[in-house]
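Below is one structure, written out as structure tokens, with a few remarks after it.
Just the heavy atoms: all of them, side chains too, but no hydrogens, waters or symmetry mates, feed the values below. None of the values given here were measured: they were computed from a predicted structure. Residues take their numbers from the sequence shown, with the count starting at 1. Whatever order the structure lists them in is the order used to number ligands and atoms, beginning at 1.
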Amino acid sequence: MAFQIPRGTQDILPGEVEKWQYVEKIARDICRRYNYREIRTPIFEHTELFLRGVGDTTDIVQKEMYTFEDKAGRSMTLRPEGTAPVVRSFVENKMYGDPNQPIKLYYIGPMFRYERPQAGRFRQFVQFGVEALGSDDPAIDAEVIAMAMELYQSLGLKKLKLVINSLGDIESRKAHRQALIDHFQNRIHELCEDCQVRLEKNPLRILDCKKDRDHELMATAPSILDYLNEESRHYFEKVKAYLTKLGIPFEVDSRLVRGLDYYNHTTFEIMSDAEGFGAITTLCGGGRYNGLVQEIGGPETPGIGFALSIERLLAALDAEGVALPVSRGIDCYIVAVGEKAKEESVPLVHKLRKAGIVADKDYQDRKIKAQLKAADRLSAKFVAILGDDELAKEVINVKEMSTGEQTEVPLHSIVDYLKERLS
Ligand code: HAM
């Protein structure tokens, strides 16, 4: 019986994995420059964390979690996102007591959601995310957005659209919530069953409904921006002003609600405008979540962050026809001809590798012609041929593949020779 990979997951094979490594490296470099430090949390957490953290009226919690009982009967869940686990760790490790505030963290790792797989939507996907905890300066909202934009732009994406919104503070949200209830209440039976539940539990979620998206009540629903109190309005103005100062263009969309419950004030998404990108165009989502730390058992602490998946980022690069500068070739392939040379090629390739040269040799007992072909397939920059004659003279024949130039190099200086030519 042949096994198949689970639906909605993928193998990232050599040839493709170099792109992931490249993107991850650029993401880490950006975090280093913005002074965000890496955090690694477990792949699974107590289910309760997500019920509380992500919110029990969200699709994620209601439909998409990989939840299981462990052998001791505890309910565990594969993490569907990274914010709640980071906040759990922030509280548990008392990072709020650190004199260096805000605490700026990032993560790169797999997340799990039982969604209907389609282009850009997987059941296991890798998120790169950042979280800044402990500051409610609107400048940090702009900083976080700038980081996400920088990642996409530095990789060569051009067709990007940044959409922002404000959900306001608790008072503004309450006022808006009441306005939504008044708006939908009398005709709620025209909307789907989920929306009927949402009206009571979290009317804001109605605006995010995929089934009732085109219902006329949606277009006329009260806009959160009309319900922002003075403080929230001022905060949003500041965020927009900072984005403008940083030269980051944006659009305001009062319908941007986001699929998780913890947001207030700034929310944002970055979409791809590339033609043929497919139905799901959101590359990145984030926002402010003042109140979440308290919800998870810590002291009142503001927070903001974003997450984006590497899968959608790579799809956007494909859609825009951007090739990443990843090199898969090796520096030197050693071709050994004859028994003695074959033996000597073992310590020789070892020596090259120890010296930092990307080197390989034949392990299939191939003839010289086949070894040369193998070197070619590996895009070796140099091919070093070792035969009995060379061994007797203690030299090696080195061919530079780009020029075809051949040189006889003393065996004892092969490392220096290659290093100089490679630099
Ligand atoms: P989210 O909007 O649920 O937010 O997910 C963020 C990003 O993860 C999406 O924009 C998309 O790039 C990617 N993503 C989500 N689901 C999938 C999927 N099934 N397949 C592929 N990619 C996917 C969050 O997760 C929040 N924790 C973001 C955040 C951090 N907010 C504040 N801090």
Give the atom numbers and elements of ligand 1 that come within less than 4.0 Å of a heavy atom of [X].
X      : result
Glu131 : 30 (C), 32 (C), 33 (N)
Tyr289 : 32 (C), 33 (N)
Gly286 : 31 (N)
Thr282 : 10 (O)
Tyr263 : 26 (C), 28 (C), 29 (C), 31 (N), 32 (C)
Gly285 : 10 (O), 28 (C), 29 (C)
Glu81  : 25 (O), 26 (C), 27 (N)
Thr83  : 26 (C), 27 (N), 29 (C), 30 (C), 31 (N), 32 (C), 33 (N)

Between [X] and [Y] (salt bridge meaning N to carboxylate O under 4.0 Å), is one present in this structure?
X      : Y      : value
Glu131 : Lys104 : no
Glu400 : Arg421 : yes
Arg116 : Glu64  : no
Asp194 : Lys63  : yes

If you measure from each non-hydrogen atom of [X] to ligand 1, which part falls under 4.0 Å: side chain, backbone, both or neither?
X      : result
Tyr262 : side chain
Cys284 : backbone
Leu260 : side chain

Rounded to the nearest 0.5 Å, what separates atom [atom1] in [X] from atom [atom2] in [Y]?
X      : Y      : atom1 : atom2 : result
Lys174 : Asp169 : NZ    : CG    : 10.5 Å
Thr301 : Leu133 : OG1   : CG    : 7.0 Å
Ile330 : Arg353 : CD1   : CZ    : 8.5 Å
Arg40  : Leu105 : CZ    : CG    : 13.0 Å

Is [X] in contact with ligand 1, taking contact as a heavy-atom separation below 4.0 Å?
X      : result
Glu311 : no
Arg258 : yes
Gly129 : no
Gly259 : no

Which protein non-hydrogen atom lies closest to [atom], naming both residue and atom, and how far is it?
atom                    : result
atom 14 (N) of ligand 1 : Phe125 CE1, 3.5 Å
atom 7 (C) of ligand 1  : Ala307 O, 3.3 Å
atom 22 (N) of ligand 1 : Ser309 OG, 2.9 Å
atom 21 (C) of ligand 1 : Gly120 O, 3.3 Å
atom 19 (N) of ligand 1 : Glu115 OE2, 2.6 Å
atom 12 (O) of ligand 1 : Leu283 O, 2.7 Å
atom 11 (C) of ligand 1 : Arg312 NH1, 3.3 Å
atom 32 (C) of ligand 1 : Gly305 O, 3.2 Å

Angle class for the His265/Tyr235 ring planes (parallel below 30°, perpendicular above 60°, tilted otherwise)? tilted
Close N or O approach ([X], ligand 1; < 3.5 Å):
X      : result
Gln127 : yes
Phe122 : yes
Val130 : no

Between Gln124 and Tyr66, is there a side-chain donor-acceptor contact under 3.5 Å, judged purely by atom types and distance? no
Tested for side-chain contact (heavy atoms from CB on, under 4.5 Å) against Arg312, the lone hit among Ile270, Thr281, Leu283 is Leu283
Let's go through Arg205 and Asp261 carefully: what are the C-alpha distance in whole Å and the side-chain angles of both, what is the deciding distance for salt bridge (charged side-chain N to carboxylate O under 4.0 Å, His left out) to 0.1 Å, and is it a yes or a no? CA-CA 9 Å; Arg205 291 246 66 74; Asp261 275 355; 3.0 Å; yes
Would you please indicate if the ring centroids of Tyr289 and Tyr262 are separated by under 6.0 Å? yes
Are Phe128 and Phe306, when compared by the centres of their aromatic rings, separated by less than 6.0 Å? yes
Quick one: does NZ or CZ of Arg79 land under 6.0 Å from the six-membered ring centre of Phe50, within 45 degrees of the ring axis? no
